[in-house]
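Report on the structure given below.
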Amino acid sequence: RAKQQHCGFLYFNSSMNIAGKRQLFLESGLRRALEHNEFELYYQPKIHVTKGHITGAEALLRWRHPRSGIIGPDRFIADIETTSLIEPVGEWVLREACQQMVAWCHAGLAGQRVAVNLSARQFSQPDLLLVVDQILQETGLKAGNLELEISETTAMSDAGQTLKILTALKQRGVHLCIDSFGTGYSSLGYLKRFPIDAIKIDHSFIQELGRDNDAAAIVTAIIQLAHSMSIAVIAEGVETTAQRDFLVQHGCDEIQGFLYSMPLPAEDYAELFGQHA
Ligand code: C2E
Ligand code: CA
Ligand code: CA
């Protein structure tokens, strides 16, 4: 028994060490990445369903690792969130996306918005509004050319606080979108009170269209509900023409997904936009 306890203790200890070491290793890697400019933004276009033009792009973070190549955010965003690094990385993303959009506006890629994802921790930072104001002022981007995406779960975790922050952002003219809609629990009362412009239906529902009647019913209901509140609807993860046709038929406003384009490096996005215009 003593041995078992001893072993249990050892096991616990070493697993803590492995987790702790991994965290430290990752944290120092991410810190270095920030210092050495290893982060990049890719841009994925959003397409207006009926008019067919590009309405803007979602900025998606990538880590160009010196040995491993391009690493997607699913492999490090959650880790960044657990450290104080989310603040500088989040600010870097916002600044970079705003700078890029200003450059594109100057180059004639006008009439567009750039969408930036805000993590839960960023959203609850007391100085979020200050950071947004400062970056808009510094880069000269108009608030109306910036869209912020907040996940449904983040928005609903403290709905009262969310209402205050969204109201302040809306007053500045920033476009607001609730991301990954349908995956969390939303109080409809709050959805109506939040001053949001759009909701983005989670890709899991889009991918089930044509396979699962429930998904079709949910997507249709979300579109109707949002429209009844004058909220625009974006569908993410659209990969097939059948999915697009369903969305067109049911009045979805914008579409994003591999069917139109993968997320692209900035130069490739500008080229795509040029072809599209
Ligand atoms: P998200 O905000 O839901 O972003 C959409 C994800 O779906 C992106 O993955 C995108 O590449 C992928 N995607 C786009 N079209 C399709 C499609 O047709 N099919 C499929 N299967 N996937 C598609 P990505 O770039 O790996 O980003 C993953 C998540 O990481 C994002 O999910 C977002 O939550 C987070 N993320 C990305 N960039 C940032 C950032 O700058 N800040 C924060 N806080 N989170 C970020
Ligand atoms: Ca998003
Ligand atoms: Ca999403």
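Numbering of ligands and ligand atoms starts at 1, following listing order. Model, not experiment: these values are computed from the prediction. Quick note: residue numbers are just sequence positions, from 1.
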| Contacting atoms of ligand 1, where contact means under 4.0 angstrom from a heavy atom of Glu239 | 17 (C), 18 (O), 19 (N), 20 (C), 21 (N)
| request: Please note down the angle at the Ca ion (ligand 2) between OE2 of Glu58 and OD2 of Asp179, to the nearest 10°. | output: 180°
| said: Among all protein heavy atoms in this structure, tell me which lies nearest to atom 45 (N) of ligand 1, with the distance rounded to 0.1 Å. | reply: Ile77 CD1, 3.7 Å
| In the protein, which heavy atom is nearest to atom 18 (O) of ligand 1, and how far is it? | Phe258 N, 2.8 Å
| message | With the threshold set strictly below 4.0 angstrom, can you tell me whether any protein non-hydrogen atom sits that near atom 7 (O) of ligand 1? | response | no
| Electrostatic pair Arg211:Glu208 at N-O distance under 4.0 angstrom | yes
| said: Just to be sure I read this right, does ligand 1 sit under 4.0 Å from the backbone of Val116, its side chain, both, or neither, counting only heavy atoms? | reply: neither
| task | Return a yes/no value: protein heavy atom under 4.0 Å from atom 15 (N) of ligand 1? | result | yes
| atom 42 (N) of ligand 1 - nearest protein heavy atom and its distance | Asn117 O, 3.5 Å
| query | Any idea which part of Leu61 is under 4.0 Å from ligand 1, heavy-atom wise: side chain, backbone, both or neither? | reply | both
| said: Less than 4.5 Å apart, side chain to side chain, heavy atoms only: is that true for Thr50 and His48? | reply: yes
| message | Are Val219 and Val233 packed together at the side-chain level, in the sense that at least one heavy-atom pair is separated by less than 4.5 angstrom? | response | no
| Can you tell which part of Gln44 has a heavy atom less than 4.0 Å from ligand 1: side chain, backbone, both or neither? | side chain
| remark: In this structure, atom 37 (C) of ligand 1 is nearest to the protein heavy atom Pro73 CG, 3.5 Å
| query | Should Asp179 and Ile150 count as side-chain neighbours, where that means a heavy-atom distance under 4.5 Å? | reply | no
| query | Does any donor atom in the side chain of Gln99 or Thr139 lie under 3.5 Å from an acceptor atom in the other side chain? | reply | no
| note | Looking at Glu149, the N, O or S atom sitting nearest the Ca ion (ligand 2) is OE1
| note | The side-chain contact (heavy atoms from CB on, under 4.5 Å) partner of Lys46 among Arg113, Glu147, Gln112 is Glu147
| message | For Arg62, is there an ion pair with Glu40 - N to carboxylate O distance below 4.0 angstrom? | response | no
| said: Quick one, Leu272 and Tyr260 - any side-chain contact, counting heavy atoms below 4.5 Å? | reply: no
| task | Check whether any side-chain heavy atom of Pro66 sits under 4.5 Å from a side-chain heavy atom of Arg32, and report yes or no. | result | yes
| Among protein heavy atoms, which sits nearest to atom 5 (C) of ligand 1, and what does the distance come to when rounded to 0.1 Å? | Glu236 OE1, 4.0 Å
| field | Which segment of Gln256 sits under 4.0 Å of ligand 1 when only heavy atoms are counted | value | neither
| Mind checking whether Pro263 and Phe258 have side chains closer than 4.5 Å, heavy atoms only? | yes
| query | Is ligand 1 under 4.0 Å from a heavy atom in the side chain of Arg62, in the backbone, in both, or in neither? | reply | side chain
| message | What I want to find out is whether Lys200 reaches Glu58 closely enough, with some N-O distance under 4.0 Å, to be called a salt bridge. | response | yes
| message | Using a 3.5 Å distance criterion without hydrogens, assess whether the side chain of Glu152 forms a donor-acceptor pair with backbone atoms of Thr183. | response | yes
| Aromatic contact, Tyr269 with Trp104 (centres under 6.0 Å) | yes
| request: Decide whether Glu236 and Gln256 meet the rule of one side-chain donor and one side-chain acceptor closer than 3.5 Å. | output: no
| Can you list the ligand 1 atoms lying under 4.0 Å from a non-hydrogen atom of Glu58? | 2 (O), 4 (O)
| Which residue supplies the protein heavy atom nearest to atom 28 (C) of ligand 1, what is that atom called, and how far is it? | Asp74 OD1, 3.4 Å
| request: Can you pull out the closest protein heavy atom to atom 31 (C) of ligand 1? Residue, atom name and distance to 0.1 Å, please. | output: Leu60 CD2, 4.4 Å
| message | Looking at Gln122 and Ser119, would you say the former's side chain and the latter's main chain have a donor-acceptor pair under 3.5 Å? | response | yes
| request: Taking both backbone and side-chain atoms into account, decide whether Glu236 has an N/O/S atom under 3.0 Å from the Ca ion (ligand 2). | output: no
| message | One residue to check: Val238. Relative to ligand 1, which of side chain, backbone, both or neither has a non-hydrogen atom less than 4.0 Å away? | response | backbone
| request: Give a yes or no on whether atom 3 (O) of ligand 1 lies under 4.0 Å from any heavy atom of the protein. | output: yes
| task | State whether Ser180 contributes an N/O/S atom found under 3.0 Å from the Ca ion (ligand 2). | result | no
| request: Would you confirm whether any non-hydrogen atom of the protein falls under 4.0 Å from atom 12 (C) of ligand 1? | output: no
| query | Which atoms from ligand 1 have a heavy atom of Ser119 less than 4.0 Å away? | reply | 44 (N)
| task | Check Val93 against ligand 1 and report side chain, backbone, both or neither, counting heavy atoms closer than 4.0 Å. | result | side chain
